[in-house]
Protein chains: 2
Amino acid sequence: MSLLLVDNRGPDLAPWKVPARRVSMVPASSATHTFLRLRRGGPATLAAQLVEQLRRAVLEGVLQPERPLPSSRELARQLGVSRNTAVAAYEALAADGTIVMRPRRAPVVAHVPARGGPGGGRAQAAPPPPPRASKSARRLAAVVPADKLDALLGSRARSRPFGVGLPDLELLPWRILERCVARRFRSMSPADALYDDPRGALLLRRAVLHHAAVARGVRATVDQVFITEGSQAALDLCCRALLDPGDAAWVEDPGPLALRAAVHMAGARLVPIPVDEDGLRVQAGARRAPRAKVAFVSPASAFPTGARLTLPRRIELMAWAGKAGSVVVEVDYEGELRFDGTPLPSLLALDMEGVKDRVIHVGTFSRSLFPGLRLGFMIVPPAMVRAVAQMRAASTRSPPYLLQAAVADFIDEGHFARHLRKLKQATRRRRDVLLGELAGLLPDMGWVRAPAGGAVLTLELPAGVDDVALVQALAARGVDALALSRSTAARRGPSAPGLILGFGAHSEAALREAARTLAGAVREAVGGGG
Amino acid sequence: MSLLLVDNRGPDLAPWKVPARRVSMVPASSATHTFLRLRRGGPATLAAQLVEQLRRAVLEGVLQPERPLPSSRELARQLGVSRNTAVAAYEALAADGTIVMRPRRAPVVAHVPARGGPGGGRAQAAPPPPPRASKSARRLAAVVPADKLDALLGSRARSRPFGVGLPDLELLPWRILERCVARRFRSMSPADALYDDPRGALLLRRAVLHHAAVARGVRATVDQVFITEGSQAALDLCCRALLDPGDAAWVEDPGPLALRAAVHMAGARLVPIPVDEDGLRVQAGARRAPRAKVAFVSPASAFPTGARLTLPRRIELMAWAGKAGSVVVEVDYEGELRFDGTPLPSLLALDMEGVKDRVIHVGTFSRSLFPGLRLGFMIVPPAMVRAVAQMRAASTRSPPYLLQAAVADFIDEGHFARHLRKLKQATRRRRDVLLGELAGLLPDMGWVRAPAGGAVLTLELPAGVDDVALVQALAARGVDALALSRSTAARRGPSAPGLILGFGAHSEAALREAARTLAGAVREAVGGGG
């Protein structure tokens, strides 16, 4: 019977630092060395340590393929452990095929493929290249600025003026939301804990549809409603369900970077269409990409200018889509937040041939409640329901039921409508405060577009200002903003510099103070030197 | 000044049923018809009704482009509403560009593009075809059986024996979980409510990594860990990040349908590789698709046979991946649930050149906690972190912080490890009960594979049995099962019929009763007639 070599010399010789060399089997009597070092009283049981170390020895070629091992009795004796420990270790090793048990004989090491001699293959020449990312991933890497990703990795979002796309967390009725979550958790049934319809929880789909019908004139059935993990997830689904590589897609220019990222991931050709004060210039789009497969448009409030799509443009858009066989994706980031006048109707309120079949409405609870909920929704044409549901079933399925049910209760009990009213009033006041401050502080420095809805305004700056550097300088002073030049699609000549300022998430006092900081930095950047 | 035609004849004439015809402007004195019908005391304000109906009139061509409207004073008088109501309505219509306001003059209807004469374009010939789904969506539709999707739509998952992939909801410590959620909600900070690192919450990534290191020998850093919306979302991400259309991907055959769906969505070429009692037959894979970009494999427990990948096979697999420049995705659906012996180590525990750079480990909380949580995780090679993070940022971002934080607490406080122990004991007892029942009831009817882990076993049936029909017959008798023939990749000749039975989610009594029902149906299907 063969035994293991024993090496008790190095007290610091951790098992995972065993030198990878061949060890021959010697009779028990001469066993003075071992690569096995068992620690009593540590977190791992003796059997687990034995399994781990023997497996490593096989793997590293320290124990040779098809050579016999000591019997469990012999192993136990050698190591001073109980027979049960040795048996348990051998059984575990047999279970994963490291060793082969034989009736009434000692086990043998399994046939393990050669891995390039001593050192377990470590001595190979150049390591093989790392795996190559898909075209989709590489397209995305090419379009998303590296510093954007750096800012996301390893850090959580912060809420400072004038951060964009942030909700006001102070105004949210947290206690009510908490009660909705707790109540739903307590009353959770088995069905609530299992898999749901890939479109999401029926009760939230109903609540969303009812709200959209009342507030925005949406006409659809609950079958068409999907709950998603936010609006970006919905946009990504639209791209995946509709766009093939090379297909053209209209996007508003300027427009949000995240939407462009989703279009790039799908490999589609991004066609930036200018936006004027009447919204997307449909006729320009029809000239540039008459057969675009999808048009992404924010009729209630284009980002970042706040322009709404006028009724004539809406009709032009749908007439074009009908002729071109295209789909219009209505991206409604802040459509709920129209504070001047009544909310604008959704494209799905337009009573026109084909609207029902060609419009996807995308919304989110990230602005009206909070982003950490990860809830948004989309309403898709009846003919697309099955395709999108299949994609959901093959990817994220539906969001967590608990949160969907809690938000449905929050809507159904009237808290949501009440919260929106408060939010709109506060947002309008904040817009007025910020406009007043900017007019006073920067009377001749730029051009402010004041929106009638949404919580973002743009400050256009004189040509030549480096708005990306200005944003960095502002960040160092505790004020956030986005560079306008980054919101325009690349490769269209030098774009106007400017700042995109979110004003929905902070108190009037905080906005006033941040406006003073902003004005100082802007004056320096424009060259007035303060 | 022009006025609107007034038509007060039809009391049932709902505003949205106005006949679409042109109405000319006539002097106020002869106004006897109107298409405007305002209802007092209804849910919508008079102004909102006015906006809705005037907008529709413009849209349908009832009001002509660029023609003047009555002044707000005149409109108010005509309709018997307050001046404020009329002004509010006009302002809302001007806001969306339906009409154009003029200083000191009556507003005009905006220039609205012609839509094909009276009827607002409704009289067009054939409606344009519905939008065409992407290749990705069509590939998916071609591979997912329609009845699978039908079963998902409009219904929530049910938990009956022998449903597959279901957790035991009775054993879960609900009160503790509820407390974890409630505590995190109460102590939520602004950062918890905003956007997070696209890899997910740091505290859950840490907890997952620690657990995986202790239980499965995973060696990785927290930078490599992503929290996803379940394991399917992680698999979809793997496909999107690595596979281009036409790339080959190994999948285990038989294997789970959902994984195949994700591979098809990416347009990759699915290469089914047979599984024997030592797991994936790596050499068969290397012959069939030597340069496959990705190999999907479940080393701890192949679905549905329960076979584990032996150490020699693991080494073969990684040696192949290194040579081919491929990535191995370790799909660990039920790796936690190894109840015979100790859990098998992850591929990421293998101390072999290139493992760290070529293995993606995918896990889920759907089996160990519950699917409605929508939480899973993946550990990716360092070189892939940025690409995957970018994809996350452009799609679903990260799961809801609240649930991630609650699960992290559940793990860190030791509840998870305790729950897993209970779960494994119960699962082993249930396996033994079901094996005993099947052996007694169907002594000569099939071949049962008894797993050492996981909560699924397969019952192979004599050739010629229609297992899909058998599954339907069972469902009608209150027993769920999956058809084994559906878990094998299509177009590989007739596959062995059989049933896939999940036994982890129900009590021993429920399993005994279901086994009797099952045995009756199987005997009928095999032809014994009971």
Side-chain angles (χ1 to χ4, degrees), chain A residues 92 95-98 110 112-113 121 128 130-131 133-137 140 144 152 156-157 159 169 178 182 185 190-191 193-196 198 229 233 236 240-244 261-262 310-312 315-316 322 325 327 341-342 344 353 357 370-372 374 383 387 390 393-396 400-401, chain B residues 92 95-98 110 112-113 121 128 130-131 133-137 140 144 152 156-157 159 169 178 182 185 190-191 193-196 198 229 233 236 240-244 261-262 310-312 315-316 322 325 327 341-342 344 353 357 370-372 374 383 387 390 393-396 400-401:
Chain A
D96 80 356
T98 303
V112 175
S134 66
K135 289 199 188 96
S136 193
L140 190 59
V144 176
L152 287 177
R156 306 172 69 185
S159 183
L169 300 173
E178 186 186 338
F185 204 122
L194 297 178
Y195 294 101
D196 203 347
E229 298 81 8
D236 180 46
R240 297 181 82 179
L242 290 165
L243 292 171
D244 286 318
T310 61
L311 187 69
I315 294 170
E316 277 179 5
V327 172
T342 51
L344 291 184
E353 182 76 51
D357 300 324
F370 62 99
R374 310 307 307 123
Q390 266 175 337
S395 54
T396 59
Y401 180 83
Chain B
D96 80 355
T98 302
V112 174
S134 65
K135 289 197 187 96
S136 191
L140 190 59
V144 176
L152 288 176
R156 308 172 67 184
S159 183
L169 300 173
E178 186 186 338
F185 204 123
L194 298 178
Y195 294 101
D196 203 348
E229 298 80 10
D236 181 45
R240 296 181 83 180
L242 290 165
L243 292 171
D244 287 318
T310 62
L311 186 68
I315 294 170
E316 277 179 7
V327 173
T342 51
L344 291 184
E353 183 74 52
D357 301 322
F370 62 99
R374 310 308 305 126
Q390 265 173 339
S395 55
T396 58
Y401 181 82

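Chain letters run A, B, ... following the sequence lines, proteins first, then strands; residues in each count from 1. In this text, all values refer to a predicted model and were calculated from it rather than measured experimentally. Quick note: numbers below take in every heavy atom, side chains included, and nothing from hydrogens, waters or symmetry partners.
Among B:Ala262, B:Ala92, B:Gly97, the residue making the largest number of heavy-atom pairs under 4.5 Å with chain A is B:Gly97. The greatest number of non-hydrogen atom pairs below 4.5 Å with chain A, out of B:Leu152, B:Leu194, B:Thr310, is found for B:Leu194. Listed options A:Ala193, A:Pro312, A:Ala95, A:Ser159 were ranked by heavy-atom pairs under 4.5 angstrom with chain B; first place goes to A:Ala193. The greatest number of non-hydrogen atom pairs below 4.5 Å with chain B, out of A:Ala182, A:Ala383, A:Pro371, A:Ala387, is found for A:Pro371. Between chain B and the residues A:Ala393, A:Pro198, A:Ala110, the largest count of heavy-atom pairs under 4.5 Å involves A:Pro198. Chain B forms the most heavy-atom pairs under 4.5 Å with one residue out of A:Ser134, A:Pro190, A:Gly372, and that residue is A:Ser134.
Smallest separation of non-hydrogen atoms from A:Asp244 and B:Ser136: OD1-N, 4.2 Å. Here the shortest heavy-atom pairing between B:Glu229 and A:Thr396 reads OE1-CG2, 3.7 Å. Nearest heavy atom pair, residue A:Ala394 against residue B:Ala261, reads CB-CB, 3.9 Å.
For the side-chain hydrogen bond (donor to acceptor under 3.5 Å, both in side chains) test, no residue two or more places apart in sequence or in another chain qualifies with B:Gln390. Remark: A:Asp357 engages no residue in a salt bridge (Lys or Arg N to Asp or Glu O under 4.0 Å) (not counting sequence neighbours).
For B:Leu169, the part lying under 4.5 angstrom from a heavy atom of chain A is the side chain only. Only the backbone of A:Leu243 comes within contact range of chain B, with at least one heavy atom under 4.5 Å from a heavy atom of that chain.
To the nearest 0.5 Å, atom OG1 of residue A:Thr98 and atom CG of residue B:Leu344 are 9.0 Å apart. Taken from CZ in B:Arg240 to CZ in A:Arg240, the straight-line distance is 3.5 Å, to the nearest 0.5 Å.
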